[in-house]
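To find a chain, count down the sequence lines: A is the first, B the second, and so on, and within it residues start at 1. Keep in mind that the numbers below use all heavy atoms, side chains included, and drop hydrogens, waters and symmetry copies.
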Amino acid sequence: MSEPTIHTLTPNLWIDNYADYLYNYTITRVNDSDLSKDLVQETFFAGLKSAKNFQGRSTERTWLVSILKRKIIDHYRKINSNKGKAEVRMNFYNDGENEGNWIEERVPQSWHNESEKTIENEELKDQLEDCIDNLPEKYGMVFRMKTIQGFETEEICKELDITSSNLWVIIHRARTQLRKCMEDNWFNI
Amino acid sequence: MFKKLKITCDEATTICDKSQYNEASFFEKIQLNWHLFNCKLCSLYVKQNRKMTSLFQMKSADCKEETKCLSKMDKEAFKKELEKLEV
């Protein structure tokens, strides 16, 4: 039986070898350039500080990614616990005899000239981006990971430490808000 | 039997959203279709939701083509900060 490979750390090469990879990894999850840079930098710092704990069983990139993942979870928990920050507007009554029914002023309206309005163009893309940007941060983060980046449900739940029912509540609220945003700012103007 | 099929508009539209990712179960799809028989608002939501999915797919295709890199300046700044820590 062959001996397992023992990997070593070369911190002086981290920036050249892994900075872009880690930055890309982060920005696909948090969609914020400055925040991504901060998280990558914090990852390198944390890596350096805990270098003595590296046992060499994984590659240094895998090890750095595992540190970065924890930073991303910490960030998600922080935005998730930000009380008083904008929540998505509710579309359904959440108690009383109408519980689960559409709130009158939020019911879907017919869209005018729908086929003309869905011809792909830059204006349409910009409006969609604006609507996504207007989602509360945690909704935007989960929505982008699931819908724009195409991550598997299981992967998102694992990375953000949330349940799948939690994820679907977030996706549902994000999508109903986005539908309404596009209705008000694109389809029916 | 019919009691189990009865769902609210909130639940119906949640299932509709799940089905946009092919993640609604067979039973959920039956519940959704049963609900749509009697609910014009959710039927409209379903139709518009499909359109929204095609817009999201267009956005997704654009994003996946992009690879983002750090600038040389950012990398130099990182290196300086790391060096401070190493000293």
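Annotation for A:His172 and B:Asp17: closest pair ND1-OD2, 2.6 Å, computed over non-hydrogen atoms. Closest heavy-atom contact between B:Met52 and A:Met182: CE-CG, 3.7 Å. When every heavy atom of A:Ile148 is checked against every heavy atom of B:Cys63, the shortest pair comes out as CG2-SG, 3.6 Å. Considering all non-hydrogen atoms of both residues, A:Pro108 and B:Gln48 come closest at CB-OE1, 3.6 Å.
Using a 4.5 Å cut-off on side-chain heavy atoms (C-beta onward), A:Ile15 and B:Glu76 make no contact. Side-chain contact between B:Phe78 and A:Val40 is present, with heavy atoms from C-beta onward closer than 4.5 Å. When side chains are defined from C-beta on, A:Lys37 counts as touching B:Leu70, because their heavy atoms get closer than 4.5 Å.
No other option in A:Glu183, A:Gln149, A:Arg175, A:Arg173 has as many heavy-atom pairs under 4.5 Å with chain B as A:Arg175. Per-residue heavy-atom pair counts under 4.5 Å with chain A were compared for B:Gln20, B:Lys47, B:Lys51, B:Glu11, and the maximum is reached by B:Lys51. Ranked by heavy-atom pairs shorter than 4.5 Å toward chain A, the options B:Thr13, B:Asp62, B:Asp74 are led by B:Thr13. Most heavy-atom pairs under 4.5 Å with chain A: of the set B:Lys79, B:Lys18, B:Lys59, this distinction falls to B:Lys18. Interface remark: of the candidates A:Phe44, A:Trp14, A:Trp168, A:Trp168 forms the most heavy-atom pairs closer than 4.5 Å to chain B.
Residue contact with chain B, scored on non-hydrogen atoms closer than 4.5 Å, involves the side chain of A:Phe187 exclusively. The contact between A:Gln109 and chain B is made entirely by backbone atoms, counting heavy-atom distances below 4.5 Å. Only the side chain of A:Tyr23 comes within contact range of chain B, judged by heavy atoms closer than 4.5 Å. Using a 4.5 Å cut-off between heavy atoms, A:Tyr21 does not touch chain B at all. For A:Thr176, the parts lying under 4.5 angstrom from a heavy atom of chain B are both the backbone and the side chain.
Atom OG1 of B:Thr8 is separated from atom OH of A:Tyr93 by 13.5 Å, given to the nearest 0.5 angstrom. Considering CG of A:Leu48 and CD of B:Glu81, their distance stands at 12.0 Å, rounded to 0.5 Å. Taking CD1 of A:Ile132 as the start and CZ of B:Phe56 as the end, the distance is 6.0 Å to the nearest 0.5 Å.
Ring geometry for A:Trp102 against B:Tyr45 counts as tilted: the plane angle lies between 30° and 60°, on a 0 to 90° scale.
The residues A:Asp16 and B:Lys75 are annotated as not salt-bridged, no charged nitrogen and carboxylate oxygen being separated by less than 4.0 angstrom.
By the salt bridge (Lys or Arg N to Asp or Glu O under 4.0 Å) test, B:Lys68 pairs with B:Glu66, sequence neighbours left out.
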